[in-house]
Every structure is written in C-alpha cells, then in structure tokens.
Amino acid sequence: MLHVLKHPLITHKLTQMRKKETGTKDFRQNLDEIGGLMVYEITRNLPVQPVTIETPVATCETFELKKEVILVPILRAGLGMVSGICNLVPTVKVAHIGLYRDEETLEPHPYFEKYPKQMPEATVIIVDPMLATGGSANAAIDMVKRQGAKDIRLVCLVGAPEGVAAVEKQHPEIDIYLAALDEKLNEKGYIIPGLGDAGDRIFGTK
C-alpha cells in the first residue's frame, strides 16, 4: 500500500532540496532531517510489549519496542537518510545493500550486501531517496527477503508512478512511504520534477 506523508515540515524541507541552487551542505542536512521525520511517522504502529520498571520513586507498568528495527540503506544515496533515523531510533541496526544502475538498460546490479543476524524477527526499513523505475527497490526487497525478513517497509523521499506500480506488482504486501509522488519519469529514467541525482547532490560529486 502507498502512503504519501503530508507533513508540513517534510514538504517544506523537500522543497528546499528540490531547488537547483541548494548546495551539498543544505541538501544533506534537509535529507537527514526528513529521514527522521518520515520514520517518526511510519513507526506509529510498531509493536510494543509490556514491561515493569523502577523509576527513582516507584514501580511503573509501561511498554517498550517488541522487535528490533533494522535500517537498510541502498548505497549510495540511501546513506543520506541513515543519520537522521539513527538519531531518532538509537538502537537501530544498519544493514547495507550496494546496487548500481546500468545507464543503458536501467537494470540494477548488486555489488555488496551485509546484514545483522536478526533480519527474520525485525522490522526492516529499506531507505533510498528516489523511487524511479522501481528496479533497485525491488532488487533490495528481494535481497532482504532472502535473509528471512518478513516485516518490510520501503521509505523514499520522491517517487514516480512507474516505480510505485513496479513495486506494488512485484511485492504487493510491502508498504511504500513517500514524501511526494511526482509526475512521471523522463526518457533517461529520472523523476520529473524530482530533485536531480540524489547521490551526486548528497556527496557533491557533480
């Protein structure tokens, strides 16, 4: 199911990122902050379990997270969302998936993967700023499923209808969270209006 998060702060920060004059520092900072805001919104339904603790003055019946949270950034642009999410969920474990896109076929090719051992029991959050053709997202979902992951969520800043449709077709049970659903892809597979190449803008490589 697709969820487009209509939070004013998320929308404002995304607008700053879209501007072509926004430099690497501000682009990276806004992405970091949006990552935290988005995960705050999508973790509302995380399962909790009852616990009994001792405060400085009394016994307290309360709750804590029931499952591990594992963050899976798709390299390299997904790294830009890690810090903000880790600040919000300090106990999060971080896996890594390396994919590159063939510029001719637009098909993703994996080159690296590393996972914590708790994948089957955890809530797994895959992050990548852009959901364009859906190829990288589908490949990443396939990869974490092979590690036994069952509770999987895909979090992207900007998505194209083509990418959303591709993920929904291949993985209909996965919840997709976006800050914005844009108009379309162009002939090169870039999202329109989009925000350009997120990896290059995060790391200043173009």
Side-chain angles (χ1 to χ4, degrees), residues 1-17 22 24-97 113-129 131 137 140-141 143-145 147-159 171 173-180 198 202:
M1 181 181 293
L2 174 64
H3 310 267
V4 180
L5 303 179
K6 297 294 186 180
H7 192 290
L9 289 176
I10 292 175
T11 301
H12 172 80
K13 292 176 185 298
L14 180 58
T15 297
Q16 309 316 305
M17 294 177 67
T22 297
T24 298
K25 175 183 176 294
D26 291 335
F27 189 92
R28 188 184 297 148
Q29 180 176 337
N30 278 291
L31 176 59
D32 184 64
E33 293 169 356
I34 290 176
L37 288 168
M38 291 186 73
V39 167
Y40 180 82
E41 289 292 311
I42 73 168
T43 52
R44 290 180 181 274
N45 64 344
L46 284 184
V48 295
Q49 60 188 1
V51 294
T52 302
I53 64 169
E54 295 292 331
T55 79
V57 294
T59 299
C60 177
E61 303 292 334
T62 184
F63 299 89
E64 65 182 9
L65 289 177
K66 187 175 182 179
K67 300 166 65 175
E68 295 274 7
V69 177
I70 296 177
L71 184 63
V72 187
I74 300 177
L75 304 179
R76 65 182 166 143
L79 290 173
M81 301 176 70
V82 170
S83 178
I85 296 171
C86 287
N87 288 338
L88 187 68
V89 190
T91 57
V92 70
K93 291 179 169 57
V94 182
H96 292 86
I97 286 178
E113 51 187 315
K114 184 74 173 179
Y115 306 97
K117 62 182 179 180
Q118 299 89 348
M119 295 289 286
E121 301 84 23
T123 295
V124 175
I125 301 174
I126 299 172
V127 294
D128 195 1
L131 177 57
I141 294 169
M143 292 164 77
V144 300
K145 282 184 174 181
Q147 299 300 314
K150 300 176 183 66
D151 179 5
I152 305 166
R153 305 162 195 217
L154 175 65
V155 181
C156 306
L157 261 67
V158 178
H171 301 283
E173 81 285 5
I174 299 296
D175 282 320
I176 304 168
Y177 296 87
L178 301 177
I202 292 165

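Residue numbers run from 1 in the order of the sequence given.
- Proximity of Asp26 to Gln16: side-chain heavy atoms (C-beta onward) are nowhere separated by under 4.5 Å.
- No side-chain heavy atom of Ile152 sits under 4.5 Å from any side-chain heavy atom of His171.
- Val69 has its side chain out of reach of Thr91: every pair of non-hydrogen atoms, C-beta onward, lies at least 4.5 Å apart.
- Closest approach of Leu5 and Tyr177 over heavy atoms only: CD2-CD2, 4.3 Å.
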May I have the step-by-step check of side chain to side chain contact (heavy atoms under 4.5 Å, CB included) for Gln118 and Ile70, ending in yes or no? CA-CA 8 Å; Gln118 299 89 348; Ile70 296 177; 4.2 Å; yes
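- Counting non-hydrogen atoms of neighbouring residues, nucleotides and ligands closer than 6.0 angstrom, the NE2 atom of His3 exceeds 12 such neighbours.
- For Lys150 (side chain) and Gly148 (main-chain N/O), a donor-acceptor pair under 3.5 Å exists by modelled atom type.
- Between the side chain of Asp32 and the backbone N or O of Arg28 there is no donor-acceptor pair closer than 3.5 Å.
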Test side chain to side chain contact (heavy atoms under 4.5 Å, CB included) on Asn30 and Glu33; report intermediate values, then the result. CA-CA 5 Å; Asn30 278 291; Glu33 293 169 356; 4.1 Å; yes
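- To the nearest 0.5 Å, atom CD1 of residue Ile10 and atom CG of residue Leu37 are 5.0 Å apart.
- The CD1 atom of Ile141 lies 7.0 Å from the CD1 atom of Ile176; values are rounded to the nearest 0.5 Å.
- To the nearest 0.5 Å, atoms CD1 (Ile202) and CE (Met81) are separated by 9.0 Å.
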Yes or no on side chain to side chain contact (heavy atoms under 4.5 Å, CB included) for Thr22 and Met17, after CA distance, side-chain angles and deciding distance? CA-CA 6 Å; Thr22 297; Met17 294 177 67; 5.8 Å; no
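- In this structure, Val4 and Ala179 approach most closely via the heavy-atom pair CG1-O, 4.0 Å.
- How far CD1 of Ile42 is from CD1 of Ile85: 7.5 Å, rounded to the nearest 0.5 Å.
- Taking all atoms of both residues into account, the shortest heavy-atom contact from Leu131 to Cys156 is CB-SG, 3.8 Å.
- Counting only residues at least two apart or in different chains, salt bridge (charged side-chain N to carboxylate O under 4.0 Å, His left out) contacts with residues 67-87 comprise Lys67-Asp151, Glu68-Lys93, Arg76-Asp200.
- Between Pro73 and Leu79, the shortest heavy-atom contact is CB-N, 3.9 Å.
- Separating the CD1 atom in Ile53 from the OG1 atom in Thr62 is a distance of 6.0 Å, to the nearest 0.5 Å.
- Across Val144 and Tyr115, no two heavy atoms sit closer than the pair CG1-CE2, 4.1 Å.
- No side-chain heavy atom of Lys66 sits under 4.5 Å from any side-chain heavy atom of Val48.
- To the nearest 0.5 angstrom, Met1 atom CE is 13.0 Å from Ile174 atom CD1.
- Taking both residues in full, the closest heavy atoms of Leu46 and Arg153 are given as CD2-NH2, 3.9 Å, listed atom of the first, atom of the second, then distance.
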